[in-house]
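Structure first, then comments.
All residue numbers in this chain count up from 1 along the given sequence. The model shown is predicted, which means the values in this text are computed figures rather than measured ones. In listed order, ligands and their atoms are each counted from 1.
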Amino acid sequence: MRIIDEVKDAKTIAIGGHVRPDGDCIGSVMGLYLYLKRVMPKAEIDVYLDKPADIFQCISHIEDIKSEFNTNKVYDVFVALDTTDERLGDAEPIYRNACKKINIDHHISNSGCGDVSIVEPKRSSTAELLYDLMEPEMVDEEIAKAIYIGIAHDTGVFRYSNTSPRTLQIVAELIKFGFDFSKIVEETFFEKTYLQTQIMGRAVLESVRFMHERCIVSMVSRRMMEFYCVTPKDLDGIVNHLQSVKGVDCAIFMYETGTLEYKVSMRSNGKVDVAAIAMKFGGGGHVRAAGCTMNGTYHDNINNLSIEIAEQLKNE
Ligand code: AMP
Ligand code: MN
Ligand code: MN
């Protein structure tokens, strides 16, 4: 299937992704935007997404993203990328009103929410899947760069087990365009500001292991975020850092989003299916990386998650 076959008759197209967009979401949304602008120059194309972190300024036309969602506009097509409709945030009503809904995603927790749904959980990233829906000869350097960022971010720079031979074949095709991929991964993935490094250090310092040291958890409160002058975007990478501790099967990181409300991120080495746990609490994701929002105290949330983890490890 080619994406163009599904959108070619549309005069107005909207593209969106999930709230708190990550590299894959931003790379996919921008990759598709740049691609459709190129192959359908007459179509009117809008992008709806929460404001991306500044590191993504390297993506061409990122300033075209609309982060004001107050519109009654009815689009011929809406393409929702890297998410289900529930996680589109304020763009959800625009999606619902669109004449044709297309959903492209790689989350195992997504059962498809479009008139056309392409959900492939084996794909490393939505960006990888999207590339295979494009006509390669219509991909240019700027599109390639956006897709590359998406794949690099969701594979932890081609390290995680979701990296397949196809992932690397695509990456090989993309880097032929000659952009400075090394600089891109350094600046968008590895480089941290001093304050981001400090709060990461604090979260690691205050982490606690439990369940015979097979699990690790840490939390950042709103007060801590204020103290270090950081926002949730600055907390990316902390959970992965916790997961890299030797002997840990499951890492949990939470940050406070409101009174008795936490955004929870989980990572696993495969022994624990964190997507299944996140889904029990209304979230989702992948077997080795998933998330949800939980209400209750920090300790209650750990207890509730522990019960689920223990249940899975018991069956080992
Ligand atoms: P995070 O811990 O936020 O980095 O998310 C890990 C993975 O789970 C990513 O692929 C997210 O897109 C996905 N994810 C996180 N939170 C949710 C949620 N509430 N619902 C569905 N998927 C989620
Ligand atoms: Mn994502
Ligand atoms: Mn993704």
Query raised in the report: Is the CZ atom of Phe181 crowded by more than 12 outside heavy atoms at less than 6.0 Å?
Result: no
Query raised in the report: Any N/O/S atom, backbone or side chain, of His18 lying under 2.8 Å from the Mn ion (ligand 2)?
Result: yes
**Report entry** Greater than 12 external heavy atoms within 6.0 Å of Glu68's CD
**Finding:** no
Query raised in the report: Out of the N/O/S atoms in Asp82, what is the name of the one closest to the Mn ion (ligand 3)?
Result: OD1
**Report entry** Lys314 with Glu311: basic N within carboxylate O range, under 4.0 Å
**Finding:** yes
Query raised in the report: Any N/O/S of Asp24 under 2.8 Å from the Mn ion (ligand 3)?
Result: yes
Query raised in the report: How are the rings of Phe56 and His153 set relative to one another: parallel (under 30°), tilted (30 to 60°) or perpendicular (over 60°)?
Result: tilted
Report task. Considering just N/O/S atoms, say which atom of Asp22 is closest to the Mn ion (ligand 2). Result -> OD2
Query raised in the report: Any idea which part of Lys263 is under 4.0 Å from ligand 1, heavy-atom wise: side chain, backbone, both or neither?
Result: side chain
**Report entry** the Mn ion (ligand 3) to nearest N/O/S of Asp105 below 2.8 Å
**Finding:** no
Query raised in the report: side chain to side chain contact (heavy atoms under 4.5 Å, CB included) between Asp273 and Gln312: does it pass, once the steps are laid out?
Result: CA-CA 8 Å; Asp273 177 353; Gln312 287 196 15; 3.8 Å; yes
Report task. Would you mind telling me if ligand 1 is within reach of the side chain of His286, the backbone, both or neither, using heavy atoms under 4.0 Å? Result -> side chain
